[in-house]
Protein chains: 2
Amino acid sequence: MKPGVSPDTFPPRSHEAKRVSVVDAAASVFCREGYAGANIDLIAAEAGVSRQTVYNHHGDKEKLFVAVVRDLTERCNAGIFATIASFPDQPTNLEADLVAFAVRMNRNCICNRDGRFLRKLIQAEGERCPELFAEWREQGPGRTWSALAARFARLAFAGHLSIGDPDVAARQFFALVNAELQITFMLGGVPTEEEVLRSATNGVRTFLGAFARRKSPAGKQAALAHA
Amino acid sequence: MKPGVSPDTFPPRSHEAKRVSVVDAAASVFCREGYAGANIDLIAAEAGVSRQTVYNHHGDKEKLFVAVVRDLTERCNAGIFATIASFPDQPTNLEADLVAFAVRMNRNCICNRDGRFLRKLIQAEGERCPELFAEWREQGPGRTWSALAARFARLAFAGHLSIGDPDVAARQFFALVNAELQITFMLGGVPTEEEVLRSATNGVRTFLGAFARRKSPAGKQAALAHA
DNA sequence: GACGAATTGGACAAGCCTGTCTAAATTTGT
DNA sequence: ACAAATTTAGACAGGCTTGTCCAATTCGTC
């Protein structure tokens, strides 16, 4: 019989599943307590395994930490690129499409578990492990920013935007869209769906105020008689 | 020493100076190593005092940490308000004045020692001490943001900007102006003067692209009589 | 059902850190 | 110069954590 239906206890897991459990629990504890304050016993308990299993899988605390950061980086990158794939290359309603994209990016990459944890680990331990986080910087921002800039450049090329430097525009887009969430992020909190939507709406509006083409390139925006 | 006889010179200079040394060293070590990883012996050595002196002045590690955060908050707030006082209320060249203001704010409040340390402590330990950082939130952002919003509202009232919500505009201004420094901030680094200037210039340009009055795009706005 | 591999729980040593204590040296105010 | 307060170095106990070892148990697979 399979005793895996009890919701309170851990169902039986494979070798690999336990490895993942340990990394997940370690991410949570490292974030909550900091590297020095993280306790292997607590990680083991939170993962539902014995302490010995943690050592069997990952060697020691430092190696476990590295595994956590690599894991989070990989998963976050996957989420970011998946979301970038949904960038509105051919928008029907530019403002609404960009807001929706910004909200997706927030929900799937920035505010979700992996995104919050990775950001906090980078902030807290970045200086302690220069080479590890230099690697993250190449793998993460180094690629995602240029991918995003390419999308904005395409929007501009198609006549939807009037952009000088696409890299600058991409960074400013995210700065604007998250402008009202900074303090929540700083304190490690999770913004509500309403806050995310409001910040994104305000941000996109300002972004388009600066970068939207004012001469009605495609014809649909001609309805908006501005000044 | 007779207590109460000389109310003007209560604390011997060296005594108070040592207290400050300890707080400064503690800020540095708490930031570098995290709260749990911070070692009182190291703090004492870095402050140039004995460990016992640390305990004499501040009681225990937790109290020392609280003293550090309060100290940094106070000093940062002073710097922020001093810089806000230099906000260009009557700009001669709006873009240049706003860029200069943004650069001042960065140099004096965000990138300096106190600003970097306070930000890192908030990010790293904010969740561990909710009441302490709730207090910071009231004392710091709660006041500085509304003061800044008031300055932008005045600029709008004077006809230099076309703003919907001044609070939103203030937050977006700083988001834009620091847009290109985010990763450096995240890793605890200090941007160069050139990076700060470039980010501020790009940010202000976009900000004005969204909020500058559109009536006279290329002319000198200072020529208009202020009503 | 049986066998090998993985897992568990607990004991264990070694090291580190906090916070206290003491006696000696130093500084401060008068 | 004197007396009180402060500072210092070092020792010290108590607690906690890491990483290892091991015997007993459970799991996966044939």
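The sequence lines fix the lettering, A, B, ..., with proteins before strands; numbering per chain opens at 1.
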Exercise. Answer yes or no: does a side-chain N or O of B/H57 lie under 4.0 Å from OP1 or OP2 of D/dT7?
Key: yes
Practice problem: Among the candidates D/dT18, D/dC21, D/dT7, find the nucleotide nearest to the side-chain atoms of A/Q52. | Solution: D/dC21
Quiz prompt | Lys/Arg N to Asp/Glu carboxylate O, A/R75 vs A/D71, below 4.0 Å | solution = yes
Practice problem: Report the distance from atom NE2 of A/H58 to atom P of D/dT18, rounded to the nearest whole Å. | Solution: 15 Å
Quiz item: Is the B/F117 to B/F30 ring centre distance short of 6.0 Å?
Solution: no
Exercise. Among the candidates D/dG19, C/dT18, D/dT7, find the nucleotide nearest to the side-chain atoms of A/D60.
Key: D/dG19
Quiz item: Between C/dC17 atom P and B/R51 atom CZ, what is the distance in whole Å?
Solution: 11 Å
Quiz item: Within the structure shown, what part of the strands sits under 4.0 Å from A/A36 by heavy-atom distance: base, sugar-phosphate, or nothing?
Solution: nothing
Quiz item: When the distance from CD of A/E62 to C1' of D/dT17 is rounded to whole Å, what number comes out?
Solution: 16 Å
Exercise. May I ask you to evaluate whether A/T53 reaches the phosphate of C/dT8, defined as a side-chain N or O under 4.0 Å from OP1 or OP2?
Key: yes
Exercise. Rounded off to whole Å, could you give me the OH-to-C1' distance for the B/Y55 and C/dT18 pair?
Key: 5 Å
Exercise. Give the minimum heavy-atom separation between B/F185 and B/C111, together with the two atoms involved.
Key: CE2-SG, 3.8 Å
Quiz item: Is B/R32 salt-bridged to A/E127, going by a charged N under 4.0 Å from an acidic O?
Solution: no
Quiz item: Would you say a side-chain N or O of B/N39 is under 4.0 Å from OP1 or OP2 of C/dT18?
Solution: yes
Quiz prompt | Whole-Å distance separating the CG atom of A/L64 from the P atom of D/dT17 | solution = 16 Å
Practice problem: Locate the shortest heavy-atom distance separating B/E125 from B/F133; write the atom from each residue and the value. | Solution: O-CE1, 3.5 Å
Practice problem: Ignoring the backbone of B/K61, work out which of D/dA9, C/dT8, C/dT18 is nearest its side chain. | Solution: C/dT18
Quiz prompt | Spacing between A/D41 atom CG and D/dT17 atom P, to the nearest angstrom | solution = 7 Å
Exercise. Quickly work out the B/E33 CD to C/dC17 C1' distance and round it to whole Å.
Key: 14 Å
Quiz item: Taking atom P of C/dC16 as reference, at what distance in whole Å does atom CG of B/L42 sit?
Solution: 14 Å
Quiz item: Contact class for B/A44 (heavy atom, under 4.0 Å): base, sugar-phosphate, or nothing?
Solution: nothing
